[in-house]
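Here the structure is laid out as C-alpha cells; the discussion comes afterwards.
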Amino acid sequence: MTQIIPEIKNITFITLGSAILACGVAFFLLPGEIATGGTPGMGMLLHFLTDISTGISMLLINIPLLIAGVKFIDSRFALRTIYSMVVTSIMVDLLTTYINFPSIKSILLSTIYGGTCVGLGVGLVLKGNASAGGTTIIARIVATFTHVKPAQVVLIIDAFIVLAAGAILQDMEKMLWAMLSIYATTQVIDKVLTMAVPEKIVHIVSDQADLIGKKINQKMDRDGTILSGHNLINQRDKRLLFVVVGARRIPQLKSIVLETDPQALMIVMEAQEMTGSSKRNHRS
C-alpha cells in the first residue's frame, strides 16, 4: 500500500503532463511550424520531412533511444517513461486529427504558449519520476562515457534541432522562433520543478545581528540563523544573519533592520527551492 499511493501520484503527474505537452505541440507549435526541443522537436522535424504523423514520428525516435539506454535506467523509470511516450504520441495525433482548434495567426503567441505548454508538460512528467523523451537518455549515456555533462548534451541536441528546423523549412525566422520556444520551455520546467518558490533569502550583516534576529522572530514570526565571521583583513569580527521571508514582507523586514541598525548591509536573493518551514518553532 505504501508503494501504490506514490505510484498513483506518479502516474497522475505523467498523464497530466503528457496531455499538456501534446496540447502544446498539436495546438500551437505544429500549426505554426515552430520546432521545440527534445524528441517532440525531432518528431516534428521527421513529420516535416515525411508524411509520417508527429505522434508516430516521436515513437519511432523514442523507442530505439529507450532500448539503447535501458541498462542506464531502472525498470520502474523505464516503464513510466514508456507510458509517457505512448500517451504523448497518441494524444498528439488524436488532437491534430479530431480536434478543430482555432487557428492562431500570431506566431509570437504560438511560440510562447506552445513553449509554455511543453515546459509545463515536461516538468510534470519529470515530477512523476519519468522522462518525456529519449534525449535525457542520450544525455545519460554520453555523460557515462565522457566528461560532457547531461545538460550540455541536451543543449547540443536542442541546438541541432533548431538548426535542422531552419534548414528544412528554409526559414531563418522560424529558427529564431524555435529558439524562443525552447527558452520558454526551459524556464517553465525550472519553475515547475522548483514550485516557483515565492520566498526570498536575506543576508544581513550588522553589529546588532542578535537584536535584529530577536525583532524578526517577535514581529514576523520567522526563525533564522546567525553566523560568525570576520572581514577580509581579519581586523574585526562580523555577524551574519540568514533568514527566509516572503517577497511581500521584504519592506517590513527592511524597516526592522534599518530602525535597529541604519548601517546594516542587507542582501536579498531568490529562493529557488525550499523544503520545511522557516517559521519559528514554538516550544511548550
Side-chain angles (χ1 to χ4, degrees), residues 1-31 34-44 46-47 52-67 69-70 72-101 110 112-140 154 158 181-182 184-196 273:
M1 188 66 181
T2 55
Q3 293 182 347
I4 293 176
I5 294 177
E7 203 58 44
I8 292 175
K9 183 179 178 181
N10 287 335
I11 294 300
T12 302
F13 275 129
I14 295 169
T15 304
L16 182 60
S18 299
I20 295 174
L21 195 164
C23 288
V25 173
F27 294 156
F28 299 103
L29 299 179
L30 199 54
I34 305 165
T36 185
T39 47
M42 292 182 183
M44 292 176 65
L46 184 58
H47 170 67
I52 303 174
S53 69
T54 305
I56 297 298
S57 298
M58 290 169 60
L59 275 181
L60 292 176
I61 294 169
N62 274 320
I63 290 173
L65 293 178
L66 186 62
I67 293 174
V70 68
F72 295 92
I73 55 179
D74 64 72
S75 58
R76 290 187 179 181
F77 182 88
L79 290 173
R80 295 189 205 103
T81 299
I82 292 172
Y83 174 73
S84 172
M85 292 175 179
V86 172
V87 171
T88 303
S89 299
I90 291 175
M91 290 203 67
V92 166
D93 283 352
L94 289 177
L95 292 174
T96 53
T97 304
Y98 297 105
I99 302 298
N100 186 20
F101 193 76
S110 295
I112 293 176
Y113 280 93
T116 299
C117 286
V118 171
L120 178 58
V122 171
L124 290 174
V125 170
L126 292 175
K127 285 184 72 68
N129 293 309
S131 171
T135 52
T136 54
I137 299 173
I138 296 175
R140 289 193 182 192
V154 173
D158 287 348
S181 169
I182 292 173
T185 296
T186 55
Q187 292 300 306
V188 175
I189 290 174
D190 182 64
K191 294 297 183 183
V192 171
L193 295 180
T194 59
M195 298 302 291
E273 184 173 1

[X]: side-chain hydrogen bond (donor to acceptor under 3.5 Å, both in side chains) partners, not counting sequence neighbours:
X: S53; value: D93
X: Y83; value: T15
X: S131; value: T136
X: N129; value: N10

*Kindly say whether M44 contributes a backbone atom to a donor-acceptor pair with the side chain of T54 at under 3.5 angstrom?*
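Answer holds: no.
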Approximate separation, where rounding is to 0.5 Å, of [X] [atom1] and [Y] [atom2]:
X: T185; Y: L29; atom1: OG1; atom2: CG; answer: 7.0 Å
X: I52; Y: S57; atom1: CD1; atom2: OG; answer: 5.0 Å
X: M58; Y: S89; atom1: CE; atom2: OG; answer: 4.5 Å
X: D190; Y: Q187; atom1: CG; atom2: CD; answer: 6.5 Å
X: L94; Y: M91; atom1: CG; atom2: CE; answer: 7.0 Å
X: L59; Y: I90; atom1: CG; atom2: CD1; answer: 7.5 Å

Determine the minimum heavy-atom distance between [X] and [Y], stating which atoms define it.
X: I14; Y: A130; answer: CD1-CB, 3.6 Å
X: A139; Y: V154; answer: CB-CG2, 4.0 Å
X: C117; Y: G24; answer: CB-CA, 3.5 Å
X: V25; Y: P40; answer: CG2-CB, 4.3 Å
X: G37; Y: D158; answer: CA-OD1, 3.2 Å

*Run through T88, V122, V92 and flag the one making a side chain to side chain contact (heavy atoms under 4.5 Å, CB included) with S18.*
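The passing option is T88.
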_Suppose the criterion is side-chain hydrogen bond (donor to acceptor under 3.5 Å, both in side chains): which pairs have a residue in residues 114-124, not counting sequence neighbours?_
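Passing the test, one end in residues 114-124: no pairs.
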_Contacts of F101 that satisfy ring-ring contact (aromatic ring centres under 6.0 Å, His included) - sequence neighbours left out_ =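 Expected list: F27, F28.
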[X]: side-chain contact (heavy atoms from CB on, under 4.5 Å) partners, not counting sequence neighbours:
X: S110; result: I34, I104
X: A78; result: I73
X: T135; result: T39, M42, I157
X: L16; result: I20, L124

*Tell me the salt bridge (charged side-chain N to carboxylate O under 4.0 Å, His left out) pairs involving residues 4-22, sequence neighbours left out?*
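The answer is E7-R80.
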